[in-house]
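Here the structure is laid out as structure tokens; the discussion comes afterwards.
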Amino acid sequence: MIPPLALDIDGTLTTSSGRIDPRVFELLPEWDAPVVFATGKAFPYPVALAHFLGREEVVIAENGGVAYVDGETAILGDPAAPRAVVEAFRERGGEVGWGDGDTVNRWRETEVALSLDADEVLLREVAAAAGGDVEVVDTGYAYHVKSTDVSKGKALERVADALDLSPADFVAVGDSENDVSTFALTGESYAVANADAAARDAADVVLDDAYMDGTADVLKALRERAE
Ligand SMILES: O=C(O)COP(=O)(O)O
Ligand SMILES: [Mg+2]
């Protein structure tokens with residue numbers, strides 16, 4: 001049987017330049033099991049990806065702060081503490097760094113994402129001063145200021161339950177520290193070759209190939225195994 005998938009987006013379904021790899025549109029529309037997009041990006045991004053793949057929209061956004069399955073949205077984190085940290089960071093001269101409009105944060109419900117150009121040392125200092133409830137996660141694409149009790153893994157437990165599955169039924173592919181909680185719960189976990197140290201350590205297998213080259217290899221192998 002073809003297994004359900006829990007797929008990270010940035011660094012996993014993309015090219016090295018951050019574009020969605022065209023093989024996503026070949027391999028995923030016909031995948032005959034649930035596909036959960038589990039991302040640090042805001043809610044509309046994975047919804048749009050699922051929509052334009054013609055798939056059911058089953059998504060985890062904001063590193064687990066938002067989950068959507070069976071037409072129901074669950075907000076799984078309180079934005080107050082992360083927002084207060086970013087406010088204090090700004091008061092000390094820090095900049096979120098996305099420029100005017102800030103579509104990165106516009107639709108965020110539970111956390112705040114900052115550009116990698118932001119002052120990381122100051123951000124971590126301000127977050128540490130807030131006590132243990134807030135953490136800074138570096139995905140390689142942004143710094144995320146989030147509640148410590150929010151994770152992609154916890155959200156996957158909820159989504160899997162709604163699908164009458166267990167997280168252990170899933171195969172996960174990812175590339176960064178925000179995928180570690182997913183890797184801990186899924187039956188099989190793969191880190192693409194571009195993955196950071198945390199994801200490499202947590203994965204069952206570190207792939208030889210990077211970005212979608214690695215992910216496509218996993219998907220092809222899973223399909224062959226199911227035949
Ligand atoms: O938006 C980010 O920072 C990372 O997103 P990802 O979880 O899909 O890799
Ligand atoms: Mg990623």
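In this text, all values refer to a predicted model and were calculated from it rather than measured experimentally.
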Rounding to 0.5 Å, atoms OG1 (Thr215) and CG (Leu27) come to a distance of 10.0 Å

If you look at every heavy atom in Ala88 and Val126, which pair is closest and at what distance? CB-CG1, 3.6 Å

Is any side-chain heavy atom of Glu62 closer than 4.5 Å to a side-chain heavy atom of Leu76? no

Among all residues two or more places apart in sequence or in another chain, which pass the salt bridge (charged side-chain N to carboxylate O under 4.0 Å, His left out) test with Glu111? Arg108

Cluster link Val173 to Phe37, ILVMFWY, side chain under 4.5 Å: yes

Nearest heavy-atom contact between Ala199 and Ala191 is O-CB, 3.9 Å

Say whether, by atom type as modelled, one donor and one acceptor occur between the side chain of Ser147 and the main chain of Val150 under 3.5 angstrom. no

Write out all pairs satisfying side-chain hydrogen bond (donor to acceptor under 3.5 Å, both in side chains) with one or both partners inside residues 37-47, taking only residues at least two apart or from two chains. Asp10-Lys41

Main-chain N/O of Ala80 paired to Asp78 side chain as donor or acceptor, under 3.5 Å: yes

Starting at CG of Leu7, measure out to CG of Asp179 and round the result to the nearest 0.5 Å. 10.0 Å

Please confirm whether the backbone N or O of Gly214 pairs with a side-chain atom of Asp217, one donor and one acceptor, at under 3.5 Å? no

Within a strict 4.5 Å, meaning less than it, do heavy atoms of the Leu5 and Leu28 side chains meet? yes

Ser166 side chain vs Ala168 backbone, donor-acceptor pair below 3.5 Å: yes

Kindly work out whether a path of hydrophobic side-chain contacts (I/L/V/M/F/W/Y, heavy atoms less than 4.5 Å apart) joins Val205 to Phe170. no

Any side-chain heavy-atom pair from Val35 and Leu53 closer than 4.5 angstrom? no

Considering non-hydrogen atoms only, spot the tightest contact between Gly97 and Ser115 and give its length. O-CB, 3.6 Å

Applying salt bridge (charged side-chain N to carboxylate O under 4.0 Å, His left out), name anything that partners Arg225, two or more places apart in sequence or on another chain. Glu188

Ile2 side chain reached by Arg223 side chain, heavy atoms, under 4.5 Å: yes

Looking at side-chain heavy atoms only, is the closest gap between Leu222 and Val218 below 4.5 Å? yes

When you group the ILVMFWY residues by side-chain heavy-atom contacts below 4.5 Å and let the links chain together, are Val137 and Leu116 in the same group? no

Value for CD (Glu30) from CZ (Arg55), rounded to nearest 0.5 Å, stands at 8.5 Å

Between Val58 and Pro34, is any pair of side-chain heavy atoms under 4.5 Å apart? no

Ignoring hydrogens, what is the shortest heavy-atom contact between Ala172 and Thr186? Give both atom names and the distance. CB-OG1, 3.5 Å

Atom pair CZ (Phe89) and CG (Asp119), whose distance is rounded to the nearest 0.5 Å: 5.5 Å

Test question: given the 4.5 Å side-chain rule for I, L, V, M, F, W and Y, name all other residues clustered with Val59, or answer none. Phe43, Val47, Val66, Tyr68, Ile75

Between Val24, Asp175, Ile20, which is the residue that forms a side-chain contact (heavy atoms from CB on, under 4.5 Å) with Ile9? Ile20

I'd like to know whether CD of Glu120 has more than 12 heavy-atom contacts from other residues, nucleotides or ligands below 6.0 angstrom. yes

Enumerate the salt bridge (charged side-chain N to carboxylate O under 4.0 Å, His left out) contacts for residues 85-102, please, sequence neighbours excluded, ordered by first and then second residue. Arg92-Glu125

Pairs satisfying salt bridge (charged side-chain N to carboxylate O under 4.0 Å, His left out), at least one member in residues 155-173, at least two apart: none

Heavy-atom nearest pair, Asp196 first then Glu177, reads OD2-N, 2.9 Å

Go through Leu13 and Leu49 one step at a time and tell me if the side-chain contact (heavy atoms from CB on, under 4.5 Å) criterion holds. CA-CA 11 Å; Leu13 299 180; Leu49 182 58; 4.3 Å; yes

Inter- and intrachain pairs under ring-ring contact (aromatic ring centres under 6.0 Å, His included), touching residues 134-164, at least two apart: none

Do Tyr190 and Phe183 share a hydrophobic cluster, counting only Ile, Leu, Val, Met, Phe, Trp and Tyr and linking them when any side-chain heavy atoms are less than 4.5 Å apart? no

If a pair satisfies side-chain hydrogen bond (donor to acceptor under 3.5 Å, both in side chains) and one of its residues is in residues 199-212, list it, with sequence neighbours excluded. Ser189-Asp204

Treating Lys154 as the side-chain partner and Gly64 as the backbone partner, does any N or O pair qualify as donor plus acceptor under 3.5 Å? no

Evaluate the side-chain proximity of Asp138 to Val136: yes if any heavy-atom separation is below 4.5 Å, no if none is. no

If you look only at distance, which donor and acceptor atoms sit under 3.5 Å apart when one is on a side chain in residues 127-135 and the other is two or more places apart or in another chain?
residue: Glu135; atom: OE2; partner: Lys146; partner atom: NZ; Å: 2.6

Are Val69 and Leu156 grouped together when hydrophobic residues (ILVMFWY) are joined by side-chain heavy atoms under 4.5 angstrom apart? yes

Within the 4.5 Å heavy-atom criterion, are Thr73 and Glu109 side-chain neighbours or not? no

Sort and list the pairs that fulfil ring-ring contact (aromatic ring centres under 6.0 Å, His included) and have at least one residue in residues 97-133, not counting sequence neighbours. none

Distance (rounded to the nearest 0.5 Å) between Asp8 CG and Asn178 CG: 5.5 Å

Considering all heavy atoms of both residues, which atom of Pro3 and which atom of Trp31 are nearest to each other, and what is their separation? O-NE1, 2.9 Å

Partners meeting salt bridge (charged side-chain N to carboxylate O under 4.0 Å, His left out) with Asp213 (sequence neighbours left out): Arg23

Tell me every residue that passes side chain to side chain contact (heavy atoms under 4.5 Å, CB included) with Pro79, counting only those two or more places apart in sequence or in another chain. Arg83

